[in-house]
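Every heavy atom of this structure was used, including side-chain atoms; hydrogens, water molecules and symmetry mates were not. When a residue number appears, it is its place in the shown sequence, counting from 1.
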Amino acid sequence: MDTGRRAQWAIAAVAALIFTWTHPYNGIRHDGMLYVAQALKHVDPTVFNGDLFFKYGSQDSFSIFGRAYAFAVVTLGFAWSSLAGVLIGQLLFIVAVGLLVWRVLPENSRALACCILAVTAGTYGSSSIFHFAEPFLTARTYAEVLVVFGLALIAHRQLAAAAAVCMAAALIHPLMALAGILLCWALAVQRHRGWLRLLVLGVPALIFGLLGVAPFDRAFLFYDAEWRQLVDRHNFVFMTSWPLASWLALVADLALLGVLAFRQYDAYFSLLLKALFVLASLCIGVALLGSDVFSNVLVTSLQLWRVQWLVHLVGLVFLAPELLRAWRGTRLEQLAAALLVYAVLFQDITTGSLAMLMGLLLLYVGASRGWQLSRFTLHFSVACLMLAVGYNWWKKTGLTTRIGEYLTGVSVVGPIDKAGIFLQQAPVGPLLMGLITIGLIWCVRRSSAAVGAILVGLIFVTATNWDRRSEITEIVESTSVQGPHVFSDIVPPDAEVYWQGDALAPWLLMHRRSYASGVQAAGLVFNRGTAIELDRRRDVTSAFDVQREICGLLNALREDKGSCEPDVSGLELTCEADPMLGYIVMPTKLEGWVLASWAPRKTDIRRDGNLKTYYLYSCAQLIAKSKTIDHRL
């Protein structure tokens, strides 16, 4: 292998490691908690079928992922199932993207494309809430992997195989696979108009809908005012409620894909990008019309705007050769390249999307019209962009630090710890370390042994720093499926438990139903019963939660964590508001009312932290005891 090709492969390997640095494992969180609940439902349906998340129906019936996760949980436990699932998903994603990049791009731009995909946030949707290749276990990642494999097959002109792979992805997560399936169908129609006959399948679907067969019955179901208001308040599916930054990111992704579609010299790849652009535009239009305008439940449930993930990924892949060309061009094109690099790093914020649109304007409009740029303007603009990168890096690191201190109770002290946090903060920290590493590899590129030694060292550092779970997270996830479970000898299996401030603890630690939590709001898009009941339950707990938040604020202002605590009256009112609520767990001790307590053992942690003790309260006993006291008075 010649020196240049060896260096390209080494840079691609560094990009894969950068990807793992920007996607560290932080445990079961975000939607990963919902998939744990699905696994628990299959492990112990007698307990979890009655949980609010499943009580009125769930999307678990449309995916095989929950059953596979349940098998892994029974075999390996929660912690290892989640960690191994995320690791395997990330490795498969890297392989799938590598195959796509190696197929569609010229050799000189492959390493750059890998680096671009490694450092980008990969966000899409409202408030950048979703990412492709998410660093927690979700069915979305595995569906994305199969769709990307399908794209690689499409690039090889193996359309039938690509369609089969995308259909397999639909078994895991139908919503994420839909974009790949529609793209295969659109390309098939372009080859032969006979594939339009598949539209006839819509007729039996409508008949099933009229007969009330799920999920086709949702085609004739519409959100009423109350249901839609609840969905709009707690969810993100109505695009008219998206913030401006999310709309700008969507427009920037579509603009990038549209421009690249007409810049491709390969006619087949140009057709592929044009088909994806038209498909994405139609999906967005149908989502706006069917969901936001007509409030149709089926269209809203399909969440057709999710096609943005594929638009974003494909656009970044094909951006690499254009960046190389621009960087070697005029000063105006170099400024455009700098803007596009900034956009790759920060398209999840408003300035990143604006930089993408400005860069495309300069590169494809300004350059073709002969716009001129002075050397001073170029240097000044690049300096401003570098300052913006530094500011965003500092701002995001500060926010990450504060959140970490709040969740773990461990304060960050010392310049070494702070520097480590900055270097871990995506995307700039890992990118900086990656650039330094690439520089070292380039210096020793003539020695295979030296390049190999650098890569081995990087793999070791990556492997030892990828798992960044806090101690309390590890303790929660290490709970055995078979038990013993926290408070399980006291709380009956059919009880509803409200664990204040934690959605995962009732499911994992106690192996009991969760009375109400924010993550359960994911189900209210699909089921009216879930929406109404969750809203009712959150009304029950809202006053108690507000009291806790006020106490937390007062404690912070007074710098005294014990200066204010929720009181018995608030606990009693919450219990009396709903007879279904059986038990409450919170990190506040109310003398004389505690039924039991639990705290992580000191031997379970690696360093000193502010570990909380959690106290169990029985609503039935609390109400009975309170009434006895009132009677005596």
Q: Please identify each residue that fulfils salt bridge (charged side-chain N to carboxylate O under 4.0 Å, His left out) with Arg140, with sequence neighbours left out.
A: Asp31, Glu134
Q) Who are the side chain to side chain contact (heavy atoms under 4.5 Å, CB included) partners of Leu187, not counting sequence neighbours? A) Ile154, Leu159, Leu183, Leu271, Leu272, Ala275
Q) Do Lys41 and Phe54 meet the cation-pi criteria used here (NZ or CZ under 6.0 Å from the six-membered ring centre, within 45° of the axis)? A) yes
(Q) Checking the side chain of Arg103 only, and the main-chain atoms of Ala155 only, is there a donor and an acceptor separated by less than 3.5 Å? (A) yes
Q) Only one of Tyr142, Phe149, Phe132 clears ring-ring contact (aromatic ring centres under 6.0 Å, His included) with Phe93; which? A) Phe132
Q. In Å, rounded to the nearest 0.5 Å, how long is the span from CH2 of Trp305 to CG of Leu175?
A. 8.5 Å
Q | Pairs flagged by ring-ring contact (aromatic ring centres under 6.0 Å, His included) wherever residues 348-370 is involved - sequence neighbours left out | A | none
Q | Ser281: partners by side-chain hydrogen bond (donor to acceptor under 3.5 Å, both in side chains), with sequence neighbours left out | A | none
**Q.** Name of the residue among Val148, Leu117, Leu260 meeting side-chain contact (heavy atoms from CB on, under 4.5 Å) with Val317
**A.** Leu117
**Q.** CG-CG distance between Leu339 and Leu357, expressed to the nearest 0.5 angstrom
**A.** 10.5 Å
(Q) Any non-hydrogen side-chain atom of Ile11 less than 4.5 Å from a side-chain atom of Cys115? (A) yes
Q.
On a heavy-atom basis, which atom in Gln90 and which in Thr20 lie closest, and how many Å separate them?
A. OE1-CG2, 4.3 Å
Q: Dump the intermediate steps for side-chain contact (heavy atoms from CB on, under 4.5 Å) on Cys283 and Leu182, then the final yes or no.
A: CA-CA 10 Å; Cys283 285; Leu182 291 176; 4.2 Å; yes
Q. Would the Tyr35 and Tyr69 ring centres measure less than 6.0 Å apart?
A. no
Q | Straight-line distance of Leu210 CG to Phe220 CZ, nearest 0.5 Å | A | 4.0 Å
**Q.** Residue pairs involving residues 178-189 (criterion side-chain hydrogen bond (donor to acceptor under 3.5 Å, both in side chains); sequence neighbours excluded)
**A.** none
Q. Does atom CH2 of Trp80 have more than 12 heavy-atom neighbours from other groups under 6.0 Å away?
A. no
Q. Quick one: does Thr123's side chain have a donor or acceptor within less than 3.5 Å of a partner on His131's backbone?
A. no
Q. Between CG of Leu151 and SG of Cys166, what distance do you get to the nearest 0.5 Å?
A. 7.0 Å
(Q) Run the side-chain hydrogen bond (donor to acceptor under 3.5 Å, both in side chains) test against Trp21 and tell me which residues pass, sequence neighbours left out. (A) Thr462
Q | Whether Trp466 and Tyr25 hold their rings parallel, tilted or perpendicular, with breakpoints at 30° and 60° | A | parallel
Q.
Please check this pair: side chain of Trp242 against backbone of Ser127, looking for a donor-acceptor N/O pair closer than 3.5 Å.
A. no
Q.
Using the side-chain hydrogen bond (donor to acceptor under 3.5 Å, both in side chains) criterion, which residues pair with Ser126? Sequence neighbours excluded.
A. none
Q) CH2 of Trp247: more than 12 outside heavy atoms within 6.0 angstrom? A) yes
(Q) With rounding to the nearest 0.5 angstrom, report the CD to CZ distance, Glu107 to Arg110. (A) 5.5 Å
Q) Quick one: side-chain hydrogen bond (donor to acceptor under 3.5 Å, both in side chains) pairs with a partner in residues 344-362, sequence neighbours left out? A) Asp253-Gln347, Tyr342-Thr351
Q) Mind checking whether Phe238 and Tyr223 have ring centres under 6.0 Å apart? A) yes
Output side-chain donor-acceptor pairs under 3.5 Å for residues 284-296, partner residues at least two apart or in another chain, one line each.
residue, atom, partner, partner atom, Å
Ser291, OG, Thr300, OG1, 2.8
Asp292, OD1, Met239, N, 3.3
Asp292, OD2, Met239, N, 2.9
Asp292, OD2, Thr240, N, 2.7
Asp292, OD2, Thr240, OG1, 2.6
Ser295, OG, Arg228, NH1, 2.7
Asn296, OD1, Leu298, N, 3.0
Asn296, OD1, Val299, N, 3.0
Asn296, ND2, Ala219, O, 2.9

Q. Which residues satisfy the side chain to side chain contact (heavy atoms under 4.5 Å, CB included) test with Leu323, sequence neighbours excluded?
A. Leu112, Ile116, Leu319, Ala337, Leu340, Val341
**Q.** Backbone of Ser63 reached by a side-chain donor or acceptor of Arg67 within 3.5 Å
**A.** yes
Q | Validation row: Asp60, His42 side chains within 4.5 angstrom (heavy atoms) | A | yes
Q: Sequence neighbours left out, what passes salt bridge (charged side-chain N to carboxylate O under 4.0 Å, His left out) with Arg263? Give chain and number order.
A: Glu322
Q) Backbone N or O of Ala326 within a donor-acceptor pair of the Gln334 side chain at under 3.5 Å? A) no
Q: Taking the side chain as every heavy atom from C-beta outward, state whether Val259 and Phe318 have any pair of such atoms under 4.5 Å apart.
A: no
Q.
Using a 3.5 Å distance criterion without hydrogens, assess whether the side chain of His312 forms a donor-acceptor pair with backbone atoms of Gln308.
A. no
Q: With Arg157 as the cation and Tyr268 as the aromatic partner, state whether NZ or CZ is under 6.0 Å from the six-membered ring centre and within 45° of the axis.
A: yes
Q) Taking C-beta and beyond as the side chain, do His173 and Glu144 meet within less than 4.5 Å on heavy atoms? A) no
Q: Test side-chain contact (heavy atoms from CB on, under 4.5 Å) on His192 and Val189 and set out the steps.
A: CA-CA 5 Å; His192 193 283; Val189 169; over 6 Å; no
Q.
Taking the ring centre of each residue, are Phe526 and Tyr56 less than 6.0 Å apart?
A. no
Q: Mind listing the closest non-hydrogen atom pair of Val73 and Ala39 along with its distance?
A: CG2-CB, 4.2 Å
Q) Quick one: does Arg218's side chain have a donor or acceptor within less than 3.5 Å of a partner on Ser301's backbone? A) no
Q.
Keeping Gln264 on the side-chain end and Leu273 on the backbone end, is there a donor-acceptor pair under 3.5 Å?
A. no
Q. Would a distance-only check, ignoring hydrogens and angles, find a side-chain to backbone donor-acceptor pair under 3.5 Å from Asn527 to Gly529?
A. no
Q.
Holding to salt bridge (charged side-chain N to carboxylate O under 4.0 Å, His left out), I want the full list of residues that pass it with Glu533, two or more places apart in sequence or in another chain.
A. Arg536, Arg537
Q) Rounded to the nearest 0.5 Å, what separation is found between the CG atom of Leu362 and the CE atom of Met358? A) 6.0 Å
Q) Donor-acceptor pair, Trp227 side chain versus Leu524 backbone, under 3.5 Å? A) yes
Q) Would you say Glu226 and Ile532 make side-chain contact, with heavy atoms under 4.5 Å? A) yes
Q: Answer yes or no: is there an ion pair linking Glu333 with Arg325, defined by an N-O contact shorter than 4.0 Å?
A: yes
Q | Plane angle bin for Phe136 and His30 - parallel if under 30°, tilted between 30 and 60°, otherwise perpendicular | A | parallel
